[in-house]
Structure formats: C-alpha cells, structure tokens
Protein chains: 2
Amino acid sequence: MTDDFEQMWRDLAPLGRSATSGGYFRQPFTSVESELRAWFTEQCSARGLIVEADGNGNLVAWWNGVVPAQPQGDQASAGAERSGLPGVLTGSHLDSVLDGGAYDGPLGVVSSLAAVDLLRSRGVVPRRPVAIGAFAEEEGSRFGIACLGSRLASGSLSPEAAAELRDRDGVPLLDAMASAGLSPSPGRAAWLDRIGTFVELHVEQGRDLVDRDAPVGLAAGIWPHGRYRFDFTGDANHAGTTRMEDRHDPMLSYAATALAARSLAAASGQRATFGRLDVAPNGTNAIPSRVTAWLDARCDSEAELVRLVAEIRRQGEAQASSDGTALRVTDESVSDGVVFDPRLTQTLGSGLADRWGRLPVIPTMAGHDAGVLAAAGVPTAMMFVRNPTGVSHSPEELAETADCLAGVDALADAIEVLVS
Amino acid sequence: MTDDFEQMWRDLAPLGRSATSGGYFRQPFTSVESELRAWFTEQCSARGLIVEADGNGNLVAWWNGVVPAQPQGDQASAGAERSGLPGVLTGSHLDSVLDGGAYDGPLGVVSSLAAVDLLRSRGVVPRRPVAIGAFAEEEGSRFGIACLGSRLASGSLSPEAAAELRDRDGVPLLDAMASAGLSPSPGRAAWLDRIGTFVELHVEQGRDLVDRDAPVGLAAGIWPHGRYRFDFTGDANHAGTTRMEDRHDPMLSYAATALAARSLAAASGQRATFGRLDVAPNGTNAIPSRVTAWLDARCDSEAELVRLVAEIRRQGEAQASSDGTALRVTDESVSDGVVFDPRLTQTLGSGLADRWGRLPVIPTMAGHDAGVLAAAGVPTAMMFVRNPTGVSHSPEELAETADCLAGVDALADAIEVLVS
C-alpha cells in the first residue's frame with residue numbers, strides 16, 4: 001500500500017503548483033483541475049471503480065453497487081452487486097484555495113483510494129455499496145460559494161442560483177463547466193439517494209491532535225460560518241490635491257472595519273478575517289472610489305455568528321458615516337453549525353477502539369462537504385489526520401507520511417465497520 | 001476657434017471611456033493610447049505642424065523652427081525658420097489615471113492646438129520656434145513612475161532604470177512601447193536642447209481659482225511628493241481554524257498603517273494616500289501571506305515629506321512588530337519640490353495683466369511634466385484652468401467650456417508674450 005500511496009502523491013505533486021511560492025492553484029473548471037479530474041478517473045479505472053459524473057461537477061466512483069446514471073467504464077467489471085442497501089460514501093475534494101497546501105482535499109481522496117486497496121488486500125467483501133467522491137469547488141475560490149458541488153448535489157443551492165454565479169473575470173459557472181468539457185446540469189444528484197453514510201477524511205486545520213498526541217481523530221461538528229461582501233463606496237479624487245479633511249475615502253472606512261473585526265472576534269473567542277479585497281480604480285495617485293472586502297466569520301454558535309457580523313457591520317457603518325462614505329453588506333453564503341451524527345461517530349469510535357484506543361473527538365471551524373451533506377440529512381462523520389503545525393490554506397500545510405498512512409488504515413477500518 | 005475646439009473634444013470623448021463609470025482608461029502604449037497618439041498626429045498634420053517622436057514615447061510638434069531628427073511630414077510646408085533662438089514648448093499629456101477624468105492632460109494638449117490656431121488668426125508670426133508636446137505616461141498608471149516620458153527625455157531617469165520597468169502583468173516597458181508600434185530608445189531627448197521655455201496648461205486639481213473667482217491662474221510651484229511601496233508579509237493560514245491570537249496577518253498591519261497615515265497627514269496639513277493594493281493570495285478563507293500597498297505622500301517641504309514618510313513607516317513597523325508580521329518599504333519615485341521660474345512667471349503675469357488683470361499665483365500638490373522639466377533646468381511656468389468642484393483623477397473631473405476657452409486665450413497670450 002505504501003508504494004501506491006506515495007506514487008499517488010508523486011503524481012499529484014506538480015499539478016497546479018506555483019514555482020515561486022510552492023503553493024497550489026487548483027481552481028475548479030480550469031485546465032489544472034481537468035488534469036486532477038483525469039487523474040482521479042484513471043486511478044478509479046485502474047481499480048475497476050465505476051465513475052459517475054453528476055451535472056454539478058462532482059465525481060462519484062463506485063467500488064460496487066448499482067450505478068444507473070450513465071456509468072463510465074464497464075459496470076460488470078466492477079463486480080457490482082445489487083444489494084439494495086444504502087451505500088457508504090467517502091472521499092473529499094481536489095480543488096485548493098489560491099496558493100493553498102497539498103493536503104486540504106487531496107488527502108481525503110488519496111486516502112480513500114488507498115483504503116479501498118487496503119480493504120481488498122484484507123479480503124473484505126463489502127455488504128453494501130462503497131463509493132469515493134471528489135467534490136467540485138469545495139473552497140469556493142473561484143465562484144465564491146464554498147462546497148458548491150455538494151450544495152448543488154444536495155439541493156441546498158438551487159440551479160437558478162448556480163446559473164447566476166460568475167467568477168472574478170465575469171465567467172458564468174455554467175460556461176466555465178462547459179469549457180472544461182463537462183455537461184453542466186446543476187441540481188439534486190441521483191447518487192444522493194444511493195448513499196446512507198458519508199465519512200470524509202481531512203487534514204486537521206489546527207493542532208488539537210498535536211496536543212492530544214494522536215495521529216487520527218473524529219470530528220464533533222463544524223462551527224457556523226459565513227462569507228459576507230462589504231462594499232465601501234466613496235469619492236474618487238486626486239491623491240495629492242485633495243485635503244485630508246475633504247476626502248470621502250472608502251479605504252480608510254475599510255481599514256477601520258478590518259481592525260474592528262479583529263478586536264470583536266478576539267474578544268469573544270470567535271474568528272473574523274478579511275483576506276480578499278478588490279479596490280477601484282486601484283491607482284497610486286487616486287483616492288479609491290470603492291473598496292470591496294470579503295469577511296469570513298466563524299463562531300461557536302449561530303447566535304454568536306449573527307451577533308458578531310452585526311457588530312462588525314454596525315462599526316463599519318458608523319465609520320463610513322464618519323468618513324462620508326457608504327457601506328453595503330451582502331451575505332454571500334452562510335452555513336449553520338453542524339453536529340455530526342452522534343450515533344455514527346459513536347459506532348466508529350467503538351468499532352475502531354480495539355486498534356486505535358479512544359479516538360479524540362474534536363470540533364472544527366472549517367467548512368467541509370461533510371457539513372453540507374450532514375445538513376442535507378445524510379448521517380455523516382469526519383476523520384482528521386494530525387497536522388504538526390496546524391497551518392492550512394497555505395503552502396506550509398503539512399501532514400507526516402506516517403500519520404497519513406495511519407489515516408488510510410483508520411479510514412479502511414471505518415469503512416469495514418460500516419459495510420460489515 | 002470655438003467650433004474647432006469643441007470638435008477636438010468630441011473626437012476625444014469616446015476614446016478609452018468606461019461605459020460603466022464614465023471614466024477614462026488611457027494607459028500608455030495600449031491600443032487606446034495609440035488612437036490618442038494618432039489623433040494628435042492628425043491634428044498636428046492638419047495644422048502643418050511637424051511631429052517629432054523621441055525614443056521615450058513623447059511627441060513634440062513644431063509650428064516652426066528646425067527639426068533635425070527625422071521629421072514626419074513636409075518640413076518646408078511648416079514654414080520653418082532657422083532663427084537659432086531657443087523655442088517655446090507648450091502642451092501636456094494624453095494618458096489618464098485608471099478611471100480618470102477627461103481634462104487632466106488632454107486640456108493642455110487641446111488648448112495648445114487651439115492656441116496655435118488663435119495666434120495664427122491674430123496674424124502672429126513667432127520670432128522663435130513654438131512646439132506642442134504630448135508626454136508619455138505622465139500619470140505613472142501603468143509603469144508606476146509618474147512623468148515617465150519627461151523624466152527620460154530630461155535625463156532624470158536613466159535608460160537602464162527604464163529597461164527594468166514592468167507593468168502589473170510583468171510586461172517590460174520597452175516591449176510595451178514596441179508593441180504599440182514605437183521604436184523605443186530611451187534617453188535624453190534631442191528636442192530638449194532646442195527649447196528655452198516650457199508653459200504647461202492644466203485643469204486645476206483643487207478649488208483655489210473657485211475661491212479667487214478667476215477662470216485662469218499661474219502656478220507658484222509643486223509640492224515635493226513621492227510613491228513608496230509598503231510590503232507587509234505574514235503567514236498565510238486558514239481563516240476559520242486559526243485563532244485570532246495565533247495569527248500573523250499582514251492585512252491588519254496594513255489597515256493600522258493606513259489609518260496612521262491619515263492621522264499623521266491630517267495633523268500636519270500634508271497628504272498621504274493608500275489608493276492601490278495587491279493582496280496575496282487574496283482568497284476569502286485564507287489569512288493573507290502578503291499585502292502590498294502603495295503610499296502616495298505630498299508635503300509643503302522636502303523636510304516635511306521625509307518626516308511624514310518616516311513616521312508612517314515607523315508606525316507601520318511598530319504595528320508589524322506587534323502583529324508578528326514584517327514591513328519593508330521601497331521608495332519607487334520621489335520628486336523634490338519645484339518652484340517655477342519666478343522671472344518667467346513674473347513676465348507672464350505682467351504680459352497678461354492688460355487683458356487678465358492680476359492672475360492668481362497658486363501652489364499645487366500634483367506632479368506634472370512641468371515640474372520635471374523645471375527640475376532639469378528649463379525655465380518653466382504652469383497655467384491652471386478653474387475646476388468648479390476641485391475633483392480630479394475621477395470621472396467627476398470638470399471644467400466649464402467658458403473657462404476652457406479663457407484658458408486657450410490666456411495660453412495664446414502667454415505664447416505671444418514669449419515669442420514676440
């Protein structure tokens with residue numbers, strides 16, 4: 001297993017990697033993401049898995065079980081059995097944030113493929129269908145909505161809303177999908193009715209497992225979180241001739257709001273980040289006419305999220321009023337908190353206890369496709385692999401090979417528990 | 001004159017205009033700037049002016065006088081006279097800031113062409129050469145250095161430094177010039193030795209003339225000013241999982257520095273603006289690894305400029321230190337203050353007094369090609385045309401037609417004083 005596992009990482013290593021930062025740019029429906037998609041399809045094909053493409057950009061590869069919707073490949077060769085039982089889905093995503101790390105997403109996909117290999121080597125014959133998903137645009141780095149593929153597949157985002165989405169260059173989502181050779185047809189996916197459980201393995205994006213000295217853990221739930229667009233507008237004017245007191249400079253309203261967001265989040269133990277900006281006209285010698293900033297906010301409760309965003313907004317509006325600028329806030333995507341299925345997490349904890357002892361059960365502040373499917377009613381669990389630095393969404397993101405292999409082993413054990 | 005003058009504005013109105021903002025995008029060595037250049041050449045040709053292109057992207061069109069360097073057009077038809085006296089240069093620039101106004105630059109060029117028409121209609125036969133200049137990249141909106149054309153022509157920027165310049169997409173200056181059909185050969189221009197005076201007419205970028213109830217004024221000098229790149233670097237990380245207290249977020253160091261710059265400039269009556277930003281990786285759910293911000297600073301003395309920028313930098317470094325980020329400051333271009341030739345300004349004031357009364361003499365905080373040529377030792381004056389709102393570097397920039405026509409009249413009078 002180790003050789004195949006390491007070969008998969010070697011295959012993936014160069015795809016979409018920046019020569020300058022060492023980080024990854026794997027935005028959905030680009031040529032590099034097409035390569036990732038082709039790589040996944042090849043890996044599945046080599047294992048006799050049948051790949052099903054939905055109209056949302058997601059790929060679901062079946063080890064066994066029924067694939068009614070246009071299977072790619074020879075269905076019989078997959079040894080499909082018509083058990084009629086709901087399947088076990090695992091997997092994750094292959095896209096990255098802009099300048100992201102190697103593990104966020106791909107670790108779950110690679111580990112799922114390796115787990116199938118491991119289960120086969122153990123002679124496991126699953127009593128229910130097992131599938132590996134590769135979800136599209138999990139990071140929302142191109143179209144602004146995180147977990148876009150799973151939201152569409154689960155029906156929590158409408159096809160009409162999807163048709164309105166544009167990337168930063170104004171390219172519509174459906175055009176981008178078509179340009180990448182897909183046949184876009186957004187909407188609730190047929191495969192959703194054939195699964196009964198989802199288990200997503202992911203690199204941890206914090207250091208809980210480091211503190212607990214454990215290579216692998218289970219997730220308790222996901223904090224509620226959202227993305228909010230703050231449009232500050234003012235009056236463009238000459239940077240030299242306009243007296244400071246005559247200005248209506250939206251950059252300064254933004255700057256004060258960004259600092260307020262930090263203070264408010266730090267004071268309440270929550271998270272608030274302005275990581276993306278768009279300035280117009282963005283010239284050195286012109287006071288800007290507009291600064292658009294995206295707030296990423298995450299809180300330990302939905303009430304707290306509402307309160308935090310409202311207070312950042314209130315302070316932003318007060319600053320804008322004082323500066324003679326204006327602020328408009330638009331909610332781009334807001335996700336309620338998720339508590340993963342306690343019974344499922346308990347089943348996995350018990351099932352793995354013999355080999356793994358008492359697995360830590362930890363919260364996460366990051367959104368995941370697992371959260372979207374859980375919110376859609378699919379019993380869902382997540383497994384985390386230790387991250388020595390806790391750094392994620394960065395070229396510095398890391399997981400040790402030994403921990404990754406432990407993750408594969410634990411994931412295989414989890415699938416075995418669920419299909420036996 | 002009025003008809004021709006208004007026709008010139010109608011010709012220029014659509015070139016490079018944004019349909020959404022109504023502002024102008026006339027960046028140097030682009031297709032729209034080639035159109036502006038072709039328009040200028042046609043206008044000169046229609047008037048029998050001989051256009052001389054230097055290797056810096058500047059055009060200098062001679063009404064009369066000697067043009068030794070590859071004249072375009074029929075030299076004899078221009079009625080060139082070999083007076084041997086140093087010439088009078090007028091003109092301005094045709095490029096704009098990003099999303100700029102119609103008048104900053106073109107008003108000086110259009111008024112110069114109209115002034116030649118007016119002088120001819122008055123039967124003036126100049127005793128020395130008269131030329132109209134159209135300078136390249138005055139705004140520095142593409143290659144970051146304001147007055148690039150006049151700096152190269154006057155030798156204050158070296159050809160070696162020019163060869164290093166890149167635009168935001170990494171295109172080298174010389175490649176951009178060649179792509180626009182020019183023959184780049186940066187360096188001190190031959191035409192500089194044939195002029196003895198420069199008079200630049202410009203729309204005012206403040207409201208001094210409104211306050212003084214005068215359509216036209218003369219400039220006393222230009223404040224010292226500069227552009228400084230502030231690179232704030234920190235640690236990219238996940239916007240959700242990274243605790244506020246564990247972050248090294250360069251966005252927050254920048255935000256605090258932008259607010260400090262405003263306070264410092266306001267307290268001392270100077271100017272400091274952060275109008276341009278570049279954020280990496282600029283993703284909503286990632287703490288940035290880098291925020292680059294450009295400071296535009298202008299002060300009433302060189303000592304004050306040094307003090308202001310040093311203090312903004314000191315506060316930025318203190319903030320970076322407190323945030324666990326780093327700040328590096330690079331001077332991109334710094335211009336000393338300019339006092340326009342007092343004798344020349346006095347000559348124009350006296351020469352125009354009969355028709356215009358006592359013209360106001362006002363300072364400006366904006367840089368101009370006139371400042372560059374003055375610093376290079378050319379006796380230089382500037383004339384301003386009233387701007388009812390004072391707004392500039394914005395689609396809102398305005399000058400009333402009656403004031404523009406007064407500007408043409410006063411510029412013609414000024415040239416007549418200098419060539420008689």
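Note that the coordinates shown come from a computational prediction; the quantities given were computed from them, not determined experimentally.
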Might you work through the salt bridge (Lys or Arg N to Asp or Glu O under 4.0 Å) test for B:Arg386 and B:Glu204, ending with a clear yes or no? CA-CA 6 Å; B:Arg386 177 164 54 192; B:Glu204 198 199 346; over 6 Å; no
Begin from the C-alpha positions of A:Arg290 and A:Asp278 and carry the test salt bridge (Lys or Arg N to Asp or Glu O under 4.0 Å) through to its verdict. CA-CA 8 Å; A:Arg290 175 182 55 75; A:Asp278 182 64; 3.1 Å; yes
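Between the side chain of A:Thr389 and the main chain of A:Val391, a donor-acceptor pair closer than 3.5 Å is present. With hydrogens and angles ignored, the 3.5 Å screen pairs no side-chain donor or acceptor of B:Ser289 with any backbone N or O of B:Gly234. Listed for the A:His393 side chain is a donor-acceptor partner under 3.5 Å among the backbone atoms of B:Asn285. At distances below 3.5 Å, at least one donor-acceptor pair connects side-chain atoms of A:His238 with backbone N or O atoms of A:Gly240. In this structure, B:His368 contributes its side chain and B:Ala370 its backbone to no donor-acceptor pair below 3.5 Å. Between the A:Arg151 side chain and the A:Ala146 main chain, a donor and an acceptor come within less than 3.5 Å of each other.
Interface summary for chain B: among A:Pro250, A:Ser392, A:Ala280, the most heavy-atom pairs under 4.5 angstrom belong to A:Ser392. Of the listed residues A:Ala286, A:Ala236, A:Gly275, A:Ala261, the one with more heavy-atom pairs under 4.5 angstrom with chain B than any other is A:Gly275. Of the listed residues B:Asp296, B:Thr273, B:Asp249, B:Thr284, the one with more heavy-atom pairs under 4.5 angstrom with chain A than any other is B:Thr284. For the set A:Ser141, A:Gly100, A:Pro281, the entry with the most heavy-atom pairs within less than 4.5 Å of chain B is A:Pro281. The candidate with the highest count of non-hydrogen atom pairs below 4.5 Å against chain A, out of B:Gly206, B:Ala255, B:Ala258, B:Pro288, is B:Ala255. Comparing B:Arg262, B:His225, B:Arg271 by heavy-atom pairs within less than 4.5 Å of chain A, the highest count is held by B:Arg271. Residue with the most contacts toward chain B among A:Glu397, A:Met365, A:Glu396: A:Met365 (heavy-atom pairs, distance under 4.5 Å). With chain A as the partner, the residue from B:Ile287, B:Leu277, B:Val97, B:Asp235 showing the most heavy-atom pairs under 4.5 Å is B:Leu277. When each of A:Leu252, A:Val279, A:Asp104, A:Asp99 is checked for heavy-atom pairs under 4.5 Å with chain B, A:Leu252 comes out on top. In terms of non-hydrogen atom pairs under 4.5 Å with chain A, the most contact-rich of B:Ala266, B:Ala239, B:Ala272, B:Ser21 is B:Ala239.
When heavy atoms are compared at a cutoff of 4.5 Å, A:Glu245 does not approach chain B at all. Proximity to chain B (any heavy atom under 4.5 Å) is restricted, for A:Thr242, to the backbone atoms N, CA, C and O. For B:Arg298, the part lying near chain A is the side chain, with the backbone staying farther off; criterion is any non-hydrogen pair under 4.5 Å. Interface remark: A:Gln270 contributes backbone atoms only to the contact with chain B (heavy atom separation under 4.5 Å). With a 4.5 Å cut-off on non-hydrogen atoms, A:Gln319 touches chain B through its side chain but not through its backbone. Proximity to chain B is limited to the side chain of A:Arg247, based on heavy atoms less than 4.5 angstrom apart. Within the 4.5 angstrom heavy-atom criterion, only side-chain atoms of A:Asp323, from C-beta onward, approach chain B. Residue A:Tyr254 touches chain B through its side chain alone, counting heavy-atom pairs closer than 4.5 Å.
Relative to the ring axis of A:Trp294, A:Arg276 places its NZ or CZ within 45° and under 6.0 Å from the centre.
Around CZ of B:Arg207, the count of heavy atoms belonging to other residues, nucleotides or ligands within 6.0 Å does not exceed 12.
Look at B:Arg142 and B:Asp167 and you find a salt bridge, because one of the NZ, NE, NH1 or NH2 atoms lies within 4.0 Å of a carboxylate O, short of that distance.
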